[in-house]
Amino acid sequence: MHRPRCPAALFSLVLTASGCSDADGGRVPLSRTSAALKATGDSCTAGTECDSGFCVDSVCCTTACTGVCQACAAAKKQALALNGTCGPALEGLDPHDQCTPDVTGGCGESGACDGKGACALISQGVACTTDAGAGNTCVIQSSKGAICSGGGVCYFETSPAGIPCAPYACKGGACAFPCASDGDCQPPNRCESGVCKPKRKNGDPCGDKAECENGNCTDGVCCDTNCSGQCQACNVAGKVGTCSFTLGTPVAPRPDCAGSDSCKGTCNGGGDKCSYPGTATACSAASCTGDVSTSASTCDGTGTCAAGSTSPCTPYGCDATSGVCRKSCSSDGDCAAGGQCDTTTGKCAIAFATCKDPTTVQLPNGQSESCAPYVCNAGKCQQQCVKESDCAPGYSCQPPVCVAEVDAAAGGSPGVGGGVASGGVVASGGKAGSGSDSGDSGGCGCSVPARTSGGLTAFALAALGLFARRRRAG
């Protein structure tokens with residue numbers, strides 16, 4: 001029966017359950033034209049997943065691979081290579097159950113493949129029962145008695161030296177085939193799938209270090225070293241079996257490089273550890289938070305984006321586009337909160353006092369003034385304290401005043417021993433208005449304070465002077 005020919009316009013479509021033929025009459029697998037199809041050697045569970053249309057030994061295969069003792073997965077092939085291409089099955093395996101073991105005591109098939117594309121016969125030197133000879137014996141590592149020839153014949157071996165069992169050990173008068181453990185093999189061979197084999201060489205697939213000649217099984221292959229570095233691998237294309245430095249993301253199961261985004265580490269092909277971008281790599285642009293600019297950030301060399309520094313822009317505003325402080329203005333919108341733009345000079349000025357920082361007042365004229373020992377509150381300096389947070393750093397609250405922490409620790413107190421309190425209270429060692437700190441009494445028995453800070457106004461002092469002169473004139 002002829003399959004329908006694929007019309008040119010519908011060549012990429014699935015037409016029937018059996019497919020259709022192309023212009024040359026060749027079979028076009030149903031799923032060949034799908035972009036999601038798997039390539040040769042990819043893992044699969046059904047032929048419809050594969051570009052070739054064949055899934056053999058759980059890999060996409062170039063052919064149906066139905067021959068006796070054939071396999072398509074590299075790990076099941078004698079060559080241990082070319083995953084996805086059909087070839088002789090590995091000696092000792094029967095991947096598709098095509099070999100029947102001889103259970104009659106003869107020397108027929110062993111039930112496994114011979115590594116050459118055929119079912120293997122029971123190995124030479126194995127005891128058999130179809131010959132009527134005497135019992136078997138071991139001569140060192142050779143077998144004597146009723147044994148298999150290796151060619152399917154059971155015969156009686158009488159030579160004094162017997163038939164060598166190598167690579168198998170001789171046990172119980174016969175060669176230990178099939179092997180059950182490495183102890184059934186003569187060193188340095190090991191037992192694999194019932195067959196004694198030499199240990200595998202670098203680059204050969206492996207599942208355990210005991211399978212490898214040099215004792216290293218890394219990344220699924222025998223390797224020249226243990227190859228455990230984060231940026232190393234033993235299965236790099238063109239270098240399989242040789243530990244090599246890698247590029248990009250570390251090969252699993254090695255841990256990924258630390259960091260994220262532009263600061264994330266990577267393997268650079270020149271060492272066994274991840275390489276990280278340094279301070280020359282920007283990781284975050286400059287930005288504005290209100291009238292404060294945060295500078296651009298750079299990587300710190302460990303995979304982290306280091307935080308940028310902050311700078312108040314007052315009296316100018318922060319340019320949200322560039323993330324940096326403006327240096328001139330063309331309108332009030334270019335100034336910080338509360339600022340006004342002098343369009344003739346292009347300069348901003350703060351229209352009212354604000355707190356530049358916790359202990360500094362920003363004056364409308366652009367100048368600043370320290371509030372120490374107090375803090376700035378709503379554009380004004382605190383005048384007294386009731387709690388520690390009312391005082392600048394380095395000062396302690398001894399209500400109602402802030403005093404230097406050194407003085408506080410020495411046991412000083414407000415108004416005693418030379419401290420000056422706010423609000424015009426004299427604290428120089430004497431009481432306000434005492435004789436030791438008075439001015440001209442004018443003969444009226446009144447004391448006029450020599451200091452006027454926070455006390456009488458100039459007008460009041462002038463009035464008192466006039467009153468005193470009238471008393472003397474009278």
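By convention here, the first residue in the shown sequence is residue 1. Only this structure's heavy atoms are used, side chains among them; waters, hydrogens and symmetry mates stay out.
- Heavy-atom minimum distance, V56 versus A64: CG2-O, 3.5 Å.
- A donor-acceptor contact shorter than 3.5 Å links the side chain of K38 to the backbone of S43.
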How far apart are the C-alpha atoms of L247 and C267, what are their side-chain angles, what is the distance that settles it, and do they pass the side chain to side chain contact (heavy atoms under 4.5 Å, CB included) test?
CA-CA 5 Å; L247 290 168; C267 296; 5.6 Å; no

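- Between C212 and C222, the gamma sulfurs sit within a distance below 2.5 angstrom.
- Sulfur-to-sulfur, C179 and C191 sit under 2.5 Å apart at their SG atoms.
- A heavy-atom distance below 4.5 Å is not found between the side chains of C391 and P373.
- Checking side-chain atoms of S297 against main-chain N and O of A306 turns up a donor-acceptor pair under 3.5 Å.
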Begin from the C-alpha positions of S228 and Q232 and carry the test side chain to side chain donor-acceptor pair (under 3.5 Å) through to its verdict.
CA-CA 7 Å; S228 59; Q232 291 179 312; 5.3 Å; no

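- Side chain of T246 to backbone of C231: a donor-acceptor contact under 3.5 angstrom is found.
- More than 12 heavy atoms of other shown residues, nucleotides or ligands fall within 6.0 angstrom of atom CG in D357.
- Across all non-hydrogen atoms, the minimal contact from Q384 to Q382 is O-CG, 3.1 Å.
- Between the N189 side chain and the C185 main chain, no donor and acceptor come within less than 3.5 Å of each other.
- Two residues are said to be in side-chain contact when any heavy atoms from C-beta on lie closer than 4.5 Å; S396 and E388 meet this criterion.
- Of the two cysteines examined, C257 and C274, the SG atoms meet the criterion of being under 2.5 Å apart.
- Rounding to the nearest 0.5 angstrom, the gap separating the CG atom in D224 from the NZ atom in K201 is 14.0 Å.
- Contact check for K116 versus P88: no side-chain heavy atoms found under the 4.5 Å cut-off.
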Under the disulfide (SG to SG under 2.5 Å) rule, what do C397 and C385 come out as? Steps first, then yes or no, please.
CA-CA 6 Å; C397 180; C385 72; 2.2 Å; yes

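- Contact detail for D390 and C402: the closest heavy-atom pair is O-SG, 4.0 Å.
- Once rounded to the nearest 0.5 Å, the distance linking SG of C341 with NZ of K347 reads 11.5 Å.
- When all heavy atoms are compared, the tightest approach of A378 to C355 is N-SG, 3.7 Å.
- Here the side chain of K77 pairs a donor or acceptor atom with the backbone of A81 at under 3.5 angstrom.
- The CG atom of N226 sits 12.0 Å away from atom SG of C217, with the distance rounded to the nearest 0.5 Å.
- Of the options P188, P187, C196, a side-chain contact (heavy atoms from CB on, under 4.5 Å) to P167 is made by C196 and by none of the others.
- With no hydrogens or angles considered, no side-chain donor-acceptor pair links S262 and T281 at under 3.5 Å.
- There is a side-chain donor-acceptor pair under 3.5 Å between T302 and D300.
- C376-C371 SG separation is not under 2.5 Å; the pair is not scored as a disulfide.
- Residues C72 and V59 are in side-chain contact: their nearest non-hydrogen atoms beyond the backbone lie under 4.5 Å apart.
- When the SG-SG distance for C113 and C69 is compared with the 2.5 Å cut-off, it comes out below that value.
- A distance-only check finds a donor-acceptor pair linking the side chain of S293 to the backbone of G323 [under 3.5 Å].
- Cysteines C227 and C234 have SG atoms no closer than 2.5 angstrom.
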Would you sort out whether C65 and C86 count as a disulfide (SG to SG under 2.5 Å), showing the intermediate values?
CA-CA 6 Å; C65 200; C86 192; 2.0 Å; yes

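- With hydrogens and angles disregarded, no donor-acceptor distance shorter than 3.5 Å links the side chain of T279 to the backbone of T298.
- Between the D94 side chain and the Q98 main chain, a donor and an acceptor come within less than 3.5 Å of each other.
- By the SG-distance test at 2.5 Å, a disulfide connects C348 to C335.
- Nearest heavy atoms, S322 versus A286: O-CB, 3.5 Å.
- Looking at heavy atoms from C-beta onward, N235 lies in side-chain contact with V251 at the 4.5 angstrom threshold.
- Counting only distance, with no hydrogens or angles, the side chain of S370 and the backbone of A372 share a donor-acceptor pair below 3.5 Å.
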Let's go through K209 and N216 carefully: what are the C-alpha distance in whole Å and the side-chain angles of both, what is the deciding distance for side chain to side chain contact (heavy atoms under 4.5 Å, CB included) to 0.1 Å, and is it a yes or a no?
CA-CA 5 Å; K209 63 182 181 180; N216 296 308; 6.0 Å; no

Given side chain to side chain donor-acceptor pair (under 3.5 Å), test S368 with T360 step by step and report yes or no.
CA-CA 7 Å; S368 59; T360 308; over 6 Å; no

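- Taking CG from D114 and CG from L93, the interatomic distance works out to 12.0 Å, rounded to the nearest 0.5 Å.
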Would you check, one step at a time, whether the test side chain to side chain contact (heavy atoms under 4.5 Å, CB included) holds for L80 with R200?
CA-CA 10 Å; L80 298 174; R200 296 183 180 182; 4.0 Å; yes

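- Among residue pairs with one or both ends in residues 243-257, those qualifying as salt bridge (charged side-chain N to carboxylate O under 4.0 Å, His left out) are D219-R254, D256-K264; sequence neighbours excluded.
- Atoms CD and SG, from E213 and C206 in turn, are 12.5 Å apart once rounded to the nearest 0.5 Å.
- Side-chain atoms of K197 come within 3.5 Å of backbone N or O of E91 as a donor-acceptor pair.
- Of the two cysteines examined, C50 and C60, the SG atoms meet the criterion of being under 2.5 Å apart.
- Closest non-hydrogen pair, G203 versus V221, comes out as O-CG1, 3.9 Å.
- When the SG-SG distance for C263 and C299 is compared with the 2.5 Å cut-off, it comes out below that value.
- When only modelled atom types and interatomic distance are considered, T66 and Q70 share no side-chain donor-acceptor pair under 3.5 Å.
- Q78 CD to L90 CG: the interatomic distance, rounded to the nearest 0.5 Å, is 5.5 Å.
- Looking only at side-chain heavy atoms (C-beta outward), Q383 and Y374 stay at 4.5 Å or farther from each other.
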Would you check, one step at a time, whether the test side chain to side chain contact (heavy atoms under 4.5 Å, CB included) holds for S58 with C44?
CA-CA 5 Å; S58 298; C44 60; 5.6 Å; no

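- Residues Y395 and V406 have side chains not in contact (no heavy-atom distance under 4.5 Å, counting atoms from C-beta outward).
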